[in-house]
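The structure appears right after this line, and notes come after that.
Chain letters run A, B, ... following the sequence lines, proteins first and then strands; every chain starts at 1. Computed from a predicted structure; not experimentally measured.
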Amino acid sequence: MDGQCCGPGFKSPQEAIKAPREKLLYTIAIYTGTGIQKPDYLATVDVDPDSPTYSQVINRLEMPGIGDELHHMGWNACSSCHDDGSMSRKYLILPGVRSNNLHIVDTATDPRAPRLHKVIDGAEIKAKADLSGPHTVHCLGSEIIISFLGNAKGEAPGGYLHLDKEFNIVGRWETSMGDIKFGYDFWYQPRHNVMVSSEWAAPNTFMPGFDLEEVGHLKYGRELHFWDFEKREPVESFYLGEDGLLPLEVKFHHDPDSTHGFCGAALSTNVIHWWQDDAKKWRWEKIIDVENEVHPEWPIPLPGVMSAILISMDDKYLYLNNWLHGDMRQYDITDPHNPKLTGQVFMGGLLGKAPIVNGVEVAGGPQMFQLSLDGRRLYVTTSLFSTWDNQFYPEIREKGGVMVMIDCDPENGGMKINEDFIVDFGKEPNGPSRCHESRYPGGDCTSDIWL
Amino acid sequence: MIMYTVTIANRDGAQYCVDARRPLLETLREQGVDLPFGCKYGGCITCAAKLKTGAIDQRRQVALNNRQIANGYVILCVARPTSDITLEIGVESHEKLYRNPFLDPLKPHELKADIATPKEG
Ligand code: FES
């Protein structure tokens, strides 16, 4: 799977693109906040079209307790350890946003049926590192850092937990949080000694649900932070203002020499682009602005809510979602200053443009997505976060989440919903669950970083 | 030890005797009531229930806004009873807990306590 070298991942993004097609996909599915008193779980989905169980959930690994709210996840190792024969991409780390527990799952012993390897207790993390509300997981050479959005009491800005490769708590990773007010996502580009982090809100603000009025009271973020990665401290911040309300997902180009990166500002529904200019100064600009839509019966115009973005492995396309409008979009970013819309499909959403996809009623809108390494298949799920789902899409309680596959054309651009694939999490054995982030065993488009 | 009786209206009026000094989530779960929860410190709303009668002390909660409090919601993981109470539990009690903020904005006095402004008039 991993090419000729002995460590995990691939020598370069170009090598990753040539990897064999994914056959399995892991996605988390939640019961937290749904009314079903069962643990959240890691679902294995069969994505091999030659398999008799194609487009079905073939395994469910339940977490030990209820109430975790699994959300994002990450690998113990990626292509940044490609030269290290002692490392392998064996473990998936599944944080519980509400419980603060970290679940370490072994996906290598039996990739179809992952097993729980270890749980780091949320209380231990609070006691040793004063952190809660875990979000993004990245490996760091052979070690792991995880952004947490709050301190032990759920107050911003939180910080970063450092784990060693045996998943022991080392402590806090960062030297300083500087003047950072909130945490969320981060990505780093080692050749430029830079990390960029973004801002959602304090756990105590976003966990109970979204009070729009709190944005005006500065309870939600609107800044991006540039870090000296080696010194582990923030050195420069960009105030994005109204253009950058709720700057969430952060992605650099996969090309390790590039300084270009992107962030989706969820509430403003804009894409922010940054790069280093010839004088080595970081610059930023807004490159995509999705207009609010007017809903016939609502007093306030409806933003798209761009909760995620993704860059194809060849750095040619940027994908984004509008969770409330219901569309997924593909932009050609060959010139990152001038993106061109090359594809758009609707699935669910509040505007009523695609209430049914492949025979399944979609509750929710496009939310999290993962792209195949070759850039041809985009797997999209519909649930954002239990409390936010309950506010915007209350029918998701009975209908559950859905996973859709979109065929993408990496040569000419364009996207189309695949008619042979749909996973209806409304039909799960314990009742409707909600699927969120997805990853492939061999690496994916949102985890690997090259040194 | 001060004890109070908790009646659960949507569980056929089942009754439990609980220690007044301890959070309701703990004392009810210990007696076998299946309740949702997440953070267990009053910050995430997952354990919210509706208080139908009686009184509780939930000063440590930080999840509810003033509208939710006015609608009777209580955060069981930090709430302690100060009298006999009747609760409605689980998501069946949540119909007024979640609102679409674009459809139904909060008034300034309905925000969370730390940013709310007093109601005029
Ligand atoms: S369990 Fe989170 S508020 Fe009670």
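Of all the listed residues (A:Pro303, A:Pro203, A:Ser386), the one sharing the greatest number of non-hydrogen pairs under 4.5 Å with chain B is A:Pro303. Heavy-atom pairs under 4.5 Å with chain B were tallied for A:Thr34, A:Asp68, A:Leu302, A:Asn204; the largest tally goes to A:Asn204.
For the pair B:Val91/A:Arg397, a side-chain contact is recorded, criterion being any heavy-atom separation below 4.5 Å from C-beta on. Contact check for A:Trp298 versus B:Asn100: side-chain heavy atoms found under the 4.5 Å cut-off.
For a residue to count as touching a neighbouring chain, one of its non-hydrogen atoms must lie under 4.5 Å from one of that chain's; by this rule A:Ile36 does not touch chain B. For chain B, the nearby part of A:Lys126 is the side chain; its heavy atoms alone come within less than 4.5 Å. Neither the backbone nor the side chain of A:Asn100 has a heavy atom closer than 4.5 Å to any heavy atom of chain B. For chain A, the nearby parts of B:Leu106 are the backbone and the side chain; heavy atoms of each come within less than 4.5 Å. With a 4.5 angstrom heavy-atom cutoff, A:Pro301 touches chain B only via backbone atoms. Looking at A:Lys153, only its backbone comes within 4.5 Å of chain B, counting heavy atoms on both sides. Only the side chain of A:Thr32 comes within contact range of chain B, with heavy atoms under 4.5 Å apart.
Between A:Leu350 atom CG and B:Phe102 atom CZ the span is 9.5 Å, to the nearest 0.5 Å. Interatomic distance, CG of A:Asp211 versus CD of B:Glu110, reported as 10.0 Å (0.5 Å rounding). How far CD of A:Glu213 is from CG of B:Leu111: 5.5 Å, rounded to the nearest 0.5 Å.
Of all heavy-atom pairs spanning B:Ala63 and A:Pro208, the tightest one is O-CB, 3.3 Å. When all heavy atoms are compared, the tightest approach of B:Arg99 to A:Leu212 is NH2-N, 4.3 Å.
Between A:Lys219 and B:Asp114, at least one side-chain nitrogen of the basic residue sits less than 4.0 Å from a carboxylate oxygen of the acidic one, meeting the salt-bridge criterion.
Taking non-hydrogen atoms and a 4.5 Å limit, the residue list of residues 28-46 of chain B in contact with chain A, ordered by number, reads B:Asp34, B:Leu35, B:Pro36, B:Phe37, B:Gly38, B:Cys39, B:Tyr41, B:Gly43, B:Cys44, B:Ile45, B:Thr46.
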